[in-house]
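Start at 1 and go down the list; that is how both ligands and their atoms are numbered.
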Amino acid sequence: MATADTAPPDLDAGFTGRLIRPNELDYDEVRKIWNGMIDRRPSLIAQCGGPDDVVACVRFARENRLLVSIRGGGHNVSGSAVCDGGLMIDLSQMKGIRVDPTERTVRADAGLLWGEFDRQCQTFGLATTAGIVTHTGIAGLTVGGGIGHLMRKHGLTCDNLLAVDLVTADGDLVHASPDKEPDLFWAVRGGGSNFGIVTRFVYQLYPVGPEVVAGLIMHRAERATEVLRAYRDFVQHAPREVGTVVNLRTAPTLPWVPENLRGRPVVAIVVCFVGATAEAEQVLEPLRRFGPPAADLVMTKPYLEHQSMFDATVPHGWRYYWKSVSLPPLTNTAIDTLVATAWRKRSPRSYMILFHKGGAVRDLSDESMAYTGRDAEHELNINGAWTAEDPDNDDTLWVRESFERTIRHSTGGVYLNFLGDEGRERVRAAYGPAKYERLVGLKRRYDPDNFFRLNQNIDPNPTSGDSRQESV
Ligand SMILES: Cc1cc2nc3c(=O)[nH]c(=O)nc-3n(C[C@H](O)[C@H](O)[C@H](O)COP(=O)(O)OP(=O)(O)OC[C@H]3O[C@@H](n4cnc5c(N)ncnc54)[C@H](O)[C@@H]3O)c2cc1C
């Protein structure tokens with residue numbers, strides 16, 4: 001296998017994108033991804049210009065028996081977008097997008113980030129469920145599921161996927177939809193990058209905004225227990241127009257955070273109401289009244305503004321280490337555990353974030369596609385974040401301890417896109433045994449050699465040893 005210093009032979013002349021080798025000036029810049037912990041050196045980076053380039057890459061890698069990684073937005077915490085040695089297939093330059101406002105659909109290339117995607121769709125007053133940080137890639141998020149502010153009203157991102165163009169492990173470009181290649185289409189909606197490289201996604205869109213009633217309700221952490229109990233009671237009966245995410249953290253020093261709360265431990269309830277603005281006040285009243293809060297930043301504002309609100313709290317290049325669990329409706333003991341663990345962290349940048357699901361997420365059955373976990377009420381992500389300059393704030397231990405405590409309250413599942421590099425048993429946990437077996441069968445059919453293996457891997461030969469370990 002090639003290492004960064006033993007470059008493979010060139011891709012054939014048909015490649016129209018850009019090839020970047022270790023000796024090039026911007027090699028170090030291009031191999032960087034979101035998580036500053038990841039420092040891998042591919043022997044060749046192929047920045048693809050279109051699907052033909054992706055086909056050429058897959059065929060080339062097969063012929064030369066190269067390890068392959070696929071880079072979409074480069075946001076995956078495990079760093080699976082970049083490999084040591086081997087070929088990094090970089091889709092980040094493929095940014096074509098075309099909205100059909102009449103059909104309310106969009107064709108979007110795999111290199112787009114959610115901010116770029118949303119801006120185009122909002123030109124027509126449209127959107128689909130996106131991630132809550134705009135510098136996340138549409139590709140990895142969609143093939144792993146996709147949860148966000150709109151999911152309770154409009155379903156998961158993968159629920160709104162109508163079709164894909166995808167390059168298979170054999171290097172063929174195929175179109176998959178409910179009518180064409182239905183098994184492949186079933187697998188790609190939640191199966192991660194195990195079944196091919198998506199070059200283009202087609203999504204269903206909905207009228208959203210351009211203004212929504214959204215923002216944060218902040219409480220001091222001293223009141224976390226009563227706040228979380230009141231929150232639990234509110235979301236139990238909340239209509240599907242109400243999307244909420246709870247953040248247990250240190251309030252960041254950002255312009256929209258009131259000065260008296262900056263640097264303080266807080267519970268922030270992030271609200272996004274996607275119904276008629278006139279109804280928002282009445283629906284959100286119990287949540288906004290409770291406490292009263294230390295700050296109520298809920299207001300009518302552009303959907304695009306709300307979507308980018310948290311970008312600065314998770315910038316590229318910091319060190320990140322995370323673990324996650326799926327949770328049922330919060331019990332008092334689960335709340336006690338969250339409150340007892342959340343602020344034991346060292347770093348002011350670390351946090352726990354709790355997404356509320358339900359609503360339209362439950363409209364489809366778990367059998368409808370590879371994505372698994374519709375029954376979970378919440379997805380909890382415990383994110384340790386620090387910088388190279390403050391290594392004493394390394395929160396790896398806090399993440400692990402918090403995980404050990406919170407997993408006792410979990411459904412047993414985990415959201416695939418919130419997994420780190422945690423090995424086969426955790427991937428199995430994301431799907432459950434029956435779904436995992438079905439996916440193994442499809443993997444044997446579409447990728448029997450496990451060509452696509454730098455991912456949350458579904459091993460076609462599950463009796464082989466699990467070579468993967470924790471990333472830290
Ligand atoms: C700050 C932050 C916020 C997040 N917020 C949310 C959120 O709100 N909701 C949510 O659901 N998730 C969220 N996530 C998780 C996110 O969904 C995953 O990290 C996802 O893998 C990112 O996709 P990407 O394309 O940016 O990453 P990449 O690292 O480029 O790719 C991720 C995985 O997908 C594979 N892949 C990439 N492109 C393709 C392709 N075209 N075809 C097939 N496979 C491909 C890669 O090989 C890799 O294994 C967040 C992550 C971060 C870091």
If the plane angle is over 60° it's perpendicular, under 30° parallel, otherwise tilted; pick one for W34 and H75. parallel

Any idea how Y431 and Y436 line up, ring-wise: parallel (<30°), tilted (30 to 60°), or perpendicular (>60°)? tilted

Those residues that, when tested against T199, pass side-chain hydrogen bond (donor to acceptor under 3.5 Å, both in side chains) (two or more places apart): none

Under the side-chain hydrogen bond (donor to acceptor under 3.5 Å, both in side chains) rule, collect the residues that match up with T142, sequence neighbours excluded.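 Counting only residues at least two positions away or on another chain, T142 forms a side-chain hydrogen bond (donor to acceptor under 3.5 Å, both in side chains) with Y203.
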
Does the structure place the NZ or CZ of R346 under 6.0 Å from the centre of the six-membered ring of W386, at an angle of no more than 45° from the ring's axis?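 Judged by the rule (NZ or CZ under 6.0 Å from the ring centre, within 45° of its axis), R346 is not positioned above W386.
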
Pairs in or reaching into residues 183-210: which pass salt bridge (Lys or Arg N to Asp or Glu O under 4.0 Å), with residues at least two apart or in two chains? D109-R200, D183-R445

Pairs under 3.5 angstrom, nitrogen or oxygen on both sides, ligand 1 versus protein: list them out, please.
from     : atom 1 : to   : atom 2 : distance (Å)
ligand 1 : 8 (O)  : I132 : N      : 2.8
ligand 1 : 8 (O)  : I147 : O      : 3.4
ligand 1 : 9 (N)  : I147 : O      : 2.7
ligand 1 : 11 (O) : I147 : N      : 2.9
ligand 1 : 11 (O) : Y415 : OH     : 2.5
ligand 1 : 17 (O) : N417 : ND2    : 3.3
ligand 1 : 21 (O) : N76  : ND2    : 2.9
ligand 1 : 23 (O) : L141 : N      : 3.4
ligand 1 : 25 (O) : G73  : N      : 2.8
ligand 1 : 25 (O) : G140 : N      : 3.0
ligand 1 : 26 (O) : G73  : N      : 3.4
ligand 1 : 26 (O) : H75  : N      : 3.2
ligand 1 : 26 (O) : G137 : N      : 2.8
ligand 1 : 27 (O) : G74  : N      : 3.4
ligand 1 : 27 (O) : H75  : N      : 3.1
ligand 1 : 29 (O) : H75  : N      : 3.3
ligand 1 : 29 (O) : N76  : N      : 3.0
ligand 1 : 30 (O) : G72  : N      : 2.7
ligand 1 : 30 (O) : G73  : N      : 3.3
ligand 1 : 30 (O) : G74  : N      : 2.7
ligand 1 : 41 (N) : V198 : O      : 2.8
ligand 1 : 42 (N) : V198 : N      : 2.9
ligand 1 : 47 (O) : I70  : O      : 3.0
ligand 1 : 49 (O) : S80  : OG     : 2.8

